[in-house]
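Take a look at the structure set out below.
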There are 2 protein chains.
Amino acid sequence: MSGTRILDTLLALSLVLEADQTRELERRGLTASKTHLLWVVHHRGPATQAQLAEALQVTPRHVTTLVDALEATGFARRTPHPTDRRAVLVDLTDRGRSVMTAMTAEHESLGAELVRGLDAESVAVAADVLDHVLQRLQTLVAEHEARQAERAETS
Amino acid sequence: MSGTRILDTLLALSLVLEADQTRELERRGLTASKTHLLWVVHHRGPATQAQLAEALQVTPRHVTTLVDALEATGFARRTPHPTDRRAVLVDLTDRGRSVMTAMTAEHESLGAELVRGLDAESVAVAADVLDHVLQRLQTLVAEHEARQAERAETS
DNA sequence: TATTGTTATACTCTATAACTATA
DNA sequence: TATAGTTATAGAGTATAACAATA
């Protein structure tokens, strides 16, 4: 069945994409999770660590670790929160911002490279199929979690 | 450009697929790397740890860790190599084999579920596009590595 | 009392280096 | 001398629990 074929290709793509990303990040002295944090700050602006923990779906304690590392390597900076003396605001340094800009450009160039040689119509069809697949997957996961939550209540 | 759109969806899918897989594996007391090892043994048959290290692209030392854990949890087993007393053969237990069988079935069912509601023709087009994208990506990565190797030689 | 962030501790993935037993 | 696997050690991702300072 072609559903399995698509899933297999998707999984293969995931592996190669991840390996490629990891290599690129390593070259800059970054890792996936640290970059994710930078990305969130880049798009949302300065945020407290608690907000970042929520956005990254990670414990506040782990955010401390990430920000420590990003501060030590000059990508991010902690500034005191203007009104709440318990909290800090995490912001990007110039270096952090320029890395984010460069990565955005690379991302777009990669997107264009990957479909080079394909006709626009097929690419559009494929994009629609992928959107559908993503939605189906999210639905399945949600249903699955709902069933498990139910089971947990019953027991 | 739709290339970027496809790439974005691909990355989103990677994240959700990985999260889903991790949850499923956790439920069974497994992790991605341990499952990968089981998968290789399931398909190639009993193998030495050195062979597994090569297949998984991981250090022999790490294979020791993985096999230790899989043996402790009853998914795999070490048996002495028949002719080489230095080596061991890693094989699946009945439990390991039945987990692999169950996961194969789930994988196929997921593949079918993901394209439910789509017409076969679009799915076929999308599958072709994805194959193309995977090949392009592999080409780009290979070119990139070749350039870096060259640069390393020059310096 | 609730929240923000941090010290302490631990588990998993993964790597390198040094070492043992066997080829 | 080369190979198979293991002990020792380490760094990154990530988590929980206990605790300080502040709200």
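Everything numeric here is computed off the predicted structure, so don't read it as measured data. By convention in this document, chain letters (A, B, ...) are assigned in the order of the sequence lines, proteins followed by strands, and residues within each chain are numbered from 1.
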Rounded to whole angstroms, how far apart are CG on A:Asp84 and P on C:dT4? 8 Å
A:Arg85 CZ to C:dA2 C1', in whole Å, measures 18 Å
How many angstroms lie between atom CE of B:Met103 and atom CZ of B:Arg28, to the nearest 0.5 angstrom? 6.5 Å
Please tell me if the side chains of A:Leu37 and A:Leu52 come closer than 4.5 Å, counting only heavy atoms from C-beta onward. yes
Whole-Å distance, A:His81 NE2 to D:dA23 C1', equals 12 Å
Can you list, by residue number, the residues of residues 58-72 of chain B that have a non-hydrogen atom closer than 4.0 angstrom to DNA chain D? B:Arg61, B:Thr64
Please classify the nucleic acid contact of A:Thr22 as base, sugar-phosphate, or nothing, using heavy-atom distances under 4.0 Å. nothing
Output the single nucleotide from C:dA23, D:dA21, C:dT6 whose closest atom is nearest the side chain of A:Gln49. C:dT6
What I want to check is whether the side chains of B:His144 and A:Asp20 have a donor and an acceptor closer together than 3.5 Å. no
Name all pairs fulfilling the ring-ring contact (aromatic ring centres under 6.0 Å, His included) condition that reach into residues 43-67 of chain A, sequence neighbours left out, sorted by first residue then second. A:Trp39-A:His43
Give a yes or no on this: more than 12 heavy atoms of other residues, nucleotides or ligands lie within 6.0 Å of atom CZ of A:Arg44. no
More than 12 heavy atoms of other residues, nucleotides or ligands under 6.0 Å from CD of B:Glu54: is that the case? no
Is there a side-chain contact between B:Arg77 and B:Val90, using heavy atoms and a 4.5 Å cut-off? no
Could one point to a donor on the side chain of B:Arg86 or the base of D:dT3 with an acceptor on the other under 3.5 Å away? yes
Where along residues 24-38 of chain B does a heavy atom fall under 4.0 Å from DNA chain C? B:Thr31, B:Ser33, B:Lys34
Flag the pair A:Arg5 and B:Asp131 as a salt bridge only when some basic side-chain nitrogen lies within less than 4.0 angstrom of an acidic carboxylate oxygen. yes
Integer-rounded Å distance: C:dC13 C1' and B:Gln57 CD: 16 Å
